[in-house]
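Order of appearance sets the numbers: ligands from 1, and atoms from 1 within every ligand.
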Amino acid sequence: ESASESASASPSAAGKKISLGFAQVGAESGWRTANTESIKSSAAEAGFDLKFSDAQQKQENQIKAIRSYIQQKVDVIAFSPVVESGWDTVLKEAKDAGIPVILTDRAVDSKDDSLYVTFIGSDFVEEGRRAGDWLVEQYKDASEDVNIVELQGTTGSAPANDRKAGFAEKIAANPHLKIIASQTGDFTRAKGKEVMQSFLKAHKKIDVLYAHNDDMALGAIQAIEAAGLKPGVDIKIISVDAVKDGMTAASEGKINFIVECNPLLGPQLMQAVNDVVAGKEIPKRIVTEEGTFTSEQAKEALPNRKY
Ligand code: GZL
């Protein structure tokens with residue numbers, strides 16, 4: 001093939017480094033820190049020129065970052081949409097500029113799925129179902145109401161919407177399982193503690209906390225202990241992520257069940273970037289592998305956890 005053909009084939013064929021623009025959500029949780037580390041180390045390993053931005057959990061900052069990557073004419077744009085909606089305009093700008101977009105971690109609710117090449121991330125509804133299934137099993141013989149409070153993730157985000165839906169779907173199996181309060185803790189420890197304090201003030205009997213991530217659960221544990229109650233005993237706790245601090249709390253019996261959400265998406269993202277640049281077909285949806293941990297299982301797994 002002629003030099004000009006190979007030059008037009010792909011940046012790497014022309015000897016140029018593949019450039020990847022990544023617009024990250026923020027640095028709100030242990031999960032996010034591990035996710036950022038995975039993306040940066042995998043991009044370095046792949047020899048890509050990575051441009052990286054932290055949006056401090058604000059959609060307008062992510063949109064600005066995507067626009068700057070379009071201006072810089074990067075080869076591929078990837079991002080984790082902080083919320084599900086409001087992306088069509090900027091995704092159309094990327095499409096018009098001929099820059100492929102890969103979604104990682106969280107999804108968008110765009111009707112037009114030609115606006116992105118693939119979505120690499122967990123099935124958050126399934127994560128919610130796993131949390132709900134465990135609770136239904138724990139209380140299968142309950143003869144009186146079980147009062148559940150829920151700390152939701154960032155309002156409007158795919159993980160918050162889907163973890164709520166999956167959990168509700170499963171606990172509907174037992175009418176005694178009642179969600180008596182549900183409010184966002186924005187995936188952070190500080191907010192999780194603050195909202196749990198308000199739950200404890202407003203409700204005299206709380207049996208279970210379902211937190212959409214470990215950081216909010218850890219904040220809630222501080223509030224529960226400050227109220228003179230024993231987390232994992234007086235109030236059962238279910239959480240999602242399985243980051244080191246969450247798994248440590250689980251191994252101490254303060255969290256009773258953790259649903260894993262794998263943040264190490266870097267390798268799969270870089271493989272997808274290579275394939276897109278090489279013009280290969282890739283599946284519209286790539287689901288990450290992940291499991292669950294009881295307190296006992298967390299104790300066993302903790303020494304081998306990478307994040
Ligand atoms: C889930 C991810 C969520 C984590 C939180 O894939 O988007 O955002 O569960 C993080 O810890 O803040």
### Query
Do D215 and T188 have side-chain N/O donor and acceptor atoms under 3.5 Å apart?
no
### Task
For ligand 1, would you mind listing the residues that have at least one heavy atom less than 4.0 Å away, ordered by chain and number?
E28, S29, W31, R32, D105, R106, F124, P159, R163, F187, N213, D241, C261
### Message
Against I221, only a single residue in L209, I237, L229 fulfils side-chain contact (heavy atoms from CB on, under 4.5 Å); can you say which?
### Response
I237
### Message
Could you tell me if T288 and N262 have a donor-acceptor pair between their side chains, going purely by distance under 3.5 Å?
### Response
no
### Message
Check this for me, if you would: do K64 and E60 make a salt bridge, where the nitrogen-to-carboxylate-oxygen distance has to be below 4.0 angstrom?
### Response
no
### Task
Verify the distance criterion only: is there a donor paired with an acceptor across the side chains of Y69 and R67 at less than 3.5 Å?
no
### Message
So that I know where these two stand, are W87 and F79 an aromatic pair - ring centroids less than 6.0 Å apart?
### Response
yes
